[in-house]
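Notes follow once the structure below has been shown.
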Amino acid sequence: MSKNENGSLNGANVKRDVKGVDNLPQGNIGKKQLAMKYHPTLTYSGAIKAFNREIEANSELKAELERNSWDAKVRMYTIIQRDSIFKHLGNPYDDPSL
């Protein structure tokens, strides 16, 4: 396996701001990765459950995700779906403490 210029395997690109704080993944993002970013103090399983509850509780977000071909069983979010989540729940990558 080769590494890209960011040192990431499998060609995963990471956008970095000037201070190196903004590690916003470019491209699709995994549900586990995103759930753990929103709920860093929970276990993987607990984070997924809490994240799924947040989506279910937010009718505007859920409707927007469904318009963008969201399937709750799929473990990846597209860029458009990720951006919808950030719009409604906030961007966890903006907080350097996470």
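This structure is a prediction, so every number in the text was calculated from the model and none was measured.
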Item to complete: For Asn52, check side chain to side chain donor-acceptor pair (under 3.5 Å) against everything at least two apart and list the hits.
Response: Lys31
Worksheet item: When Ile, Leu, Val, Met, Phe, Trp and Tyr are grouped by side-chain heavy atoms lying under 4.5 Å apart, directly or through other members, which residues fall in the same group as Ile48?
Response: Met36, Tyr44
Fill in: Whichever hydrophobic residues join Ile80 through chains of side-chain contacts under 4.5 Å
none
Worksheet item: Roughly how far apart are Glu54 CD and His39 NE2, rounded to 0.5 Å?
Response: 3.5 Å
Practice prompt. Look at the rings of Phe51 and Tyr77 and say which category their plane angle falls in: under 30° parallel, 30 to 60° tilted, over 60° perpendicular.
Written response: perpendicular
For [X] and [Y], which heavy atoms make the closest approach, and how far apart are they?
X: Asn68; Y: Gln81; value: O-NE2, 2.9 Å
X: Asn28; Y: Thr78; value: OD1-CA, 3.3 Å
X: Tyr93; Y: Leu34; value: CE1-CD1, 4.2 Å
X: Gly30; Y: Met76; value: CA-SD, 3.5 Å

Response to the item:
Sorted by chain and number, sequence neighbours left out, side chain to side chain contact (heavy atoms under 4.5 Å, CB included) with Ala72 holds for Trp70
Discussion item. Run the side chain to side chain contact (heavy atoms under 4.5 Å, CB included) test against Ser45 and tell me which residues pass, sequence neighbours left out.
Written reply: Thr43, Lys49
Which donor-acceptor pairs under 3.5 Å do the side chains of residues 57-67 make with protein atoms, sequence neighbours left out?
from	atom 1	to	atom 2	distance (Å)
Asn58	OD1	Glu60	N	3.3
Asn58	OD1	Leu61	N	3.0
Lys62	NZ	Glu56	OE1	2.8
Glu64	OE1	Lys87	NZ	3.0
Glu64	OE1	His88	NE2	2.9
Glu64	OE2	Ser84	OG	2.7
Glu64	OE2	Lys87	NZ	3.4

